[in-house]
Protein chains: 2
Amino acid sequence: MPLKKTSAQEITLSVIKTACSNCNLQELCLPYGLNETEMSKLDELVSTRRKIKRGDHLYRAGEAFESIYAIRAGFFKTDVLLEDGRDQVTGFQMAGELLGLDGISTEHHSCNAVALEDSEVCIIPFPRLEGLSREIVALQHHFHKVMSREIVRDHGVMMLLGTMRAEERLAAFLLNLSQRFTARGYSHAEFYLRMTREEIGSYLGLKLETVSRAFSRFQEEGLIAVQQKHIRILDIPGLKKLMTHQSA
Amino acid sequence: MPLKKTSAQEITLSVIKTACSNCNLQELCLPYGLNETEMSKLDELVSTRRKIKRGDHLYRAGEAFESIYAIRAGFFKTDVLLEDGRDQVTGFQMAGELLGLDGISTEHHSCNAVALEDSEVCIIPFPRLEGLSREIVALQHHFHKVMSREIVRDHGVMMLLGTMRAEERLAAFLLNLSQRFTARGYSHAEFYLRMTREEIGSYLGLKLETVSRAFSRFQEEGLIAVQQKHIRILDIPGLKKLMTHQSA
DNA sequence: GGGGCACGTTGACCTGGATCAAAGGCTTCC
DNA sequence: GGAAGCCTTTGATCCAGGTCAACGTGCCCC
């Protein structure tokens, strides 16, 4: 149901629920820093949602690029496929994060986005976003920051893949998840992994067995408690130390 | 020497030389797709240059971010430093490419940019670029594409670091350089490397000895001719095959 | 134009993580 | 509720690339 500008008295519960101006992810997502008037303009733009079932694709590499997506709820992975069949997970995305920025470049998506649990995204038609960000300085600037942040994040992953040993990579991965869950108001010490050992390994440039062994080792050393996908982090400073101090 | 707006008859040779509208890198750089009027507006913005000597920094991690830079001539590397002293080269940049996009995110540069040969950059004050890209749709759109391209490039490097073996990485690296030199009108088969084996290794997540051995191996197999920094590519299909076919 | 030094090559050996293999536990879907 | 299959763990072995070491080379600066 597409949504038109509404006066105050016409606002229904469902409208309230679907507007950026009422979204509790504002601070993490695209609307960051907008005033009320600006926010309501953005509301008009971001009016449709899409639910994606666990295991389904939000988009696939090669498809025409039309929109970016803000994750309203759920958890995704993005991955890239090489001609010879090898693939790699390039990232895991959670609520408030944007998907699809890779597609702007060629006007075709360059990776696959797959839901790792039942999820919902806000659809942001890209040409209209460009239009609005010509009007709203704060939106333009924040969008640029978000793209830049993605570049910085990728440099961090390159660093991880290029210089860290297996256990350092996994420690960095867990600390990163912990920090992102914290920013969303969840426990920083206890969470369910949405992805398999193989997907973690793919992201970290390791084989699934190595990931599994590293988890076991962390458990032996009292750094974490693992049971399958359920993780409890017991010693954050310990993990940090392991990450930086190991191979000086 | 800062440059002010000039009327037609005031234009000197040095001004002509320094304008985007007369730059032969237009097609690769920021002005791509602009009409004449738009180009002249961009000329006003991109009015100062800076020369950087081999080995000098264009900017350092932590410095306040104010401008992005378009490489007018020369060759750069960017690298990131970890607290424990480990570092990694995150990219090599050549004429027509932009530097500094990582700084938008936090308003501080997140990596170092170092000239690998005597170089010259055009300084593009970022707030003014944002201003102009609110006026010029084509500029806005192209800038978004450039940032997105950087994200896609980084995913390619992650892929390389995460899934490829040493010789595949080096083959991918050589083919990428070859293709970028070609786009700039240089020979696709013969070039001087501006970086050391150690810098190549850092970028590719390998040790310098491994890079050196891989070069020797390629030479034995007749794929390339190497003498120190001078490279001649003899068998592009061979390198491509090696890149994809190896570990299927 | 010569001396020093950073860069590059090559060899020998070692090791972290890949690979191969097998068995046990969850989840999911009839 | 039961069975099938996926996911995970753990062990044994292997090897690509790292590490250590020594030597060669060419470039740059005085």
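Protein chains get the first letters and strands the later ones, always in sequence-line order, with residue 1 at the start of each. All of these numbers come straight from a predicted model, not from anything done at the bench. Excluded from the calculations below are hydrogen atoms, water molecules and symmetry mates; all remaining heavy atoms, backbone and side chain alike, are included.
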Report task. List the steps and the verdict of ring pair (Phe, Tyr, Trp, His ring centres under 6.0 Å) for B:H108 and B:F65. Result -> CA-CA 5 Å; B:H108 289 268; B:F65 165 78; 9.3 Å; no
**Report entry** 5' precedence on DNA chain C between A:Q227 and A:M164 (nearest-nucleotide basis)
**Finding:** A:M164
Any protein N or O atoms within reach of nucleotides 2-8 of chain C? Criterion: under 3.5 Å, listing atom names and distances.
{"residue": "C:dG8", "atom": "OP1", "partner": "B:K229", "partner atom": "NZ", "Å": "3.4"}
{"residue": "C:dG8", "atom": "OP2", "partner": "B:R197", "partner atom": "N", "Å": "2.9"}

Query raised in the report: Would one find a side-chain N or O of A:R54 under 4.0 angstrom from OP1 or OP2 of C:dT27?
Result: no
Query raised in the report: Is A:R50 salt-bridged to A:E120, going by a charged N under 4.0 Å from an acidic O?
Result: no
Requested in this report: For a side-chain hydrogen bond (donor to acceptor under 3.5 Å, both in side chains) with B:T78, tell me which candidate from B:H109, B:Q88, B:Q93 qualifies.
Outcome: B:Q93
Requested in this report: Would you kindly check whether a donor in the side chain of A:R213 faces an acceptor in the base of D:dG11, or vice versa, at under 3.5 angstrom?
Outcome: yes
**Report entry** Gap between atoms CG and P, on B:L204 and D:dA16 respectively (whole Å)
**Finding:** 19 Å
Query raised in the report: Ion pair present between A:E150 and A:R153, side-chain N to carboxylate O less than 4.0 angstrom?
Result: yes
**Report entry** Axis deviation across the helix from C:dG1-D:dC30 to C:dC30-D:dG1, five-pair ends, to the nearest 10°
**Finding:** 60°
**Report entry** salt bridge (charged side-chain N to carboxylate O under 4.0 Å, His left out) partner of B:E117, chosen from B:K229, B:K77, B:K53, B:R194
**Finding:** B:R194
Query - A:L116 CG - D:dC7 P separation (whole Å) - result: 12 Å
Query raised in the report: Closer than 4.0 Å, any side-chain N/O of B:T210 to the OP1 or OP2 of D:dG18?
Result: yes
Query raised in the report: Please walk me through it: do A:Y203 and A:F92 pass ring pair (Phe, Tyr, Trp, His ring centres under 6.0 Å)?
Result: CA-CA 9 Å; A:Y203 179 62; A:F92 298 107; 5.2 Å; yes
